[in-house]
Amino acid sequence: MKADPSRSARPRRTLGAVSGLVAAVAGLAVAELAAAAVRPEASPVTAVGGTLVDLTPVAVREWAIGLFGTADKLVLMLGIIAVLAVVAALAGLLAVRHLPAGLAVAGAFGLLGAAAALSRPEASWRDALPSLVGGLTAAGMLYLLVTAATRPRPAGAPPAGTWAMDRRGFGRLVTAVLVGSAAAGFAGRRLGAHGSAGATASRARFVLPRPTVPAPPVPAGADLRVPGLSPFLTPSRDFYRVDTALVVPRVDADTWRLRIHGEGVPRPLALGLRELLDRPLVEHDITLTCVSNEVGGPYAGNARWLGVRLADLLREAGVRPPSQGGPADQLVARSVDGMTLGTPVEAVMDGRAALLAVGMNGEPLPFAHGFPVRMVVPGLYGYVSACKWLTELRLTTFAAYDAYWVRRSWAQQAPVKTQSRIDTPRPYAGLAPGRVAVAGVAWAQHRGVEAVEVRVDGGPWQQARLGAADGVDTWRQWVWPWEATPGRHTLEVRATDGAGAVQTGVRTGTVPDGATGWHSVEVQVKALG
């Protein structure tokens with residue numbers, strides 16, 4: 001009987017796909033091991049992910065943040081791995097037909113990862129090594145697997161269709177490669193953990209000094225303690241995180257350095273952490289907000305920060321603000337991962353509590369929030385003020401330099417807009433008729449919140465009761481008692497800032513300088529009986 005060509009091709013396709021996937025696993029595992037010896041940011045998946053973040057259009061990035069929230073980085077990494085798996089399977093299928101072409105595809109991915117690594121800020125030639133080693137490993141494993149299974153069978157060997165090895169033999173080979181890959185991956189993780197052990201130990205040893213100027217206690221009545229309402233002080237573990245770092249930098253406090261230099265800096269400074277802490281420390285409650293926060297969104301948080309006044313450091317370096325004849329109007333902060341943020345010098349030196357923070361809610365900064373030192377400037381969106389993992393401050397002008405986000409269509413100047421949010425009841429909640437506590441938070445950093453109003457179904461605005469104010473740099477809680485009647489209702493909220501300006505109801509998106517509009521929530525009040 002004549003053999004069916006389609007049936008004989010199926011084992012070859014399966015062989016190719018499995019070989020490609022297993023080779024890719026081996027390549028990634030070895031690349032991770034190599035990255036542990038270089039730096040975590042040199043990992044090919046991390047490097048490619050960072051490059052994709054840089055190249056992603058603003059609208060797409062904002063859509064991803066809105067859809068996935070703070071899980072956007074995990075989704076991106078999983079997406080990269082999924083695409084790599086598809087390409088690896090295709091490379092394997094190609095290799096069983098034309099081995100050099102399949103190997104070329106595997107090697108090309110190593111070159112792509114190397115190019116991405118070299119394009120990252122603060123990159124050196126060593127950053128290309130993990131991707132190159134991983135690509136060579138993947139190509140080598142693909143060659144081994146495909147040739148072992150497709151080379152001509154010895155004369156007199158029993159027939160086995162198109163397989164040069166029996167299924168058990170091929171399975172044992174695949175198992176050996178996977179076990180070796182797992183060992184390499186485990187070793188990479190252990191070495192990576194060992195490499196960051198110094199940073200972890202330095203944070204564990206770090207004891208926050210007492211503030212020279214402590215913050216007063218949170219006023220009685222600032223936290224209304226309404227169920228479902230955001231706490232007045234956001235726990236550090238719950239504080240929002242929006243940045244581009246796919247791997248959280250773990251900086252060793254013992255080796256950390258800060259450089260202050262640039263235009264109009266007659267006395268440049270270079271400080272270690274202990275030298276920074278020799279300056280007076282102040283404590284201040286400040287609400288931070290991300291410019292990516294949609295109306296009613298979660299990217300706002302309030303914390304107690306401890307740090308050195310940034311204006312004092314700049315004056316120590318001889319810096320004068322533009323209003324006093326200084327030549328620089330922009331302070332460019334640089335992170336250890338190369339991120340740059342541009343802050344108006346005038347805002348930093350106008351008397352507000354702009355800090356180089358070392359503490360958050362009574363503890364050293366968490367790694368995810370910038371340990372050992374970050375910037376905190378009340379009244380400005382984070383992308384122009386809140387640089388984490390700070391390592392450099394350079395004085396320049398807005399005309400001479402565009403920071404990272406400005407080059408991606410965001411505004412140079414970004415004061416926080418007045419916003420308010422309904423925390424409870426939640427959207428589409430089912431409520432019983434009767435009195436319902438409608439509550440939330442409102443913020444207008446460095447102007448303060450003077451009033452909050454709520455209305456139902458487009459009716460007249462009603463004054464909400466405000467929690468006690470803790471200065472002009474924090475949000476305020478509010479609550480309004482609503483006598484809910486059966487049916488579907490729409491609740492809306494608006495705030496008035498300390499200058500008397502009422503929050504606009506005109507809806508705009510986050511780009512280029514923050515969203516506007518009134519937050520609204522639809523609820524269903526059940527009928528009695």
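Computed from a predicted model, the values in this text were never measured in an experiment.
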Is it true that the side chains of Thr234 and Asn302 contain a donor and an acceptor less than 3.5 Å apart? no
Can we say Arg257 and Glu275 salt-bridge, meaning some charged N sits less than 4.0 Å from an Asp/Glu carboxylate O? yes
Between Tyr381 and Asn293, a side-chain donor and acceptor under 3.5 Å: no
Kindly determine whether Asp254 and Ser202 satisfy side-chain hydrogen bond (donor to acceptor under 3.5 Å, both in side chains), including the steps that lead there. CA-CA 7 Å; Asp254 297 331; Ser202 72; 5.2 Å; no
For Tyr240 and Tyr299, take the angle between the two ring planes, folded into 0 to 90°, and tell me which bin it lands in: parallel under 30, tilted 30 to 60, perpendicular over 60. tilted
Taking Tyr404's backbone N and O only, do any of them form a donor-acceptor pair with Arg408's side chain (distance below 3.5 Å, no angle check)? yes
Using modelled atom types only, decide if a donor and an acceptor are shared between the side chain of Trp389 and the backbone of Phe367 within a distance under 3.5 Å. yes
When you compare the side chains of Glu32 and Ser43, does any donor N or O come within less than 3.5 Å of an acceptor on the partner? yes
Asp402 and Gln412 side chains, donor-acceptor separation under 3.5 Å: yes
Are side-chain N/O atoms of Thr397 and Asp329 paired as donor and acceptor at under 3.5 Å? no
Going through the checks in order, is the side-chain contact (heavy atoms from CB on, under 4.5 Å) test met by Leu390 and Val336? CA-CA 6 Å; Leu390 183 67; Val336 296; over 6 Å; no
Can you sort out the partners of Asp243 under salt bridge (Lys or Arg N to Asp or Glu O under 4.0 Å), two or more places apart, ordered by chain and number? Lys73, Arg241, Lys388
Residue pair Glu392 / His261, side-chain donor-acceptor N/O under 3.5 Å: yes
Can Arg120 and Thr46 be counted as having a side-chain donor-acceptor contact under 3.5 angstrom? no
Hey, could you give me the CG/OH distance between Leu341 and Tyr383, rounded to the nearest 0.5 Å? 9.5 Å
Consider only side-chain N and O atoms of Glu294 and Thr510, and report whether a donor and an acceptor are under 3.5 Å apart. no
Do side-chain atoms of Thr287 reach the backbone of Trp475 as a donor and acceptor pair under 3.5 angstrom? yes
Would you say the side chains of Thr343 and Gln330 form a donor-acceptor pair under 3.5 Å? no
Do Arg250 and Thr200 have a side chain donor and acceptor closer than 3.5 Å? yes
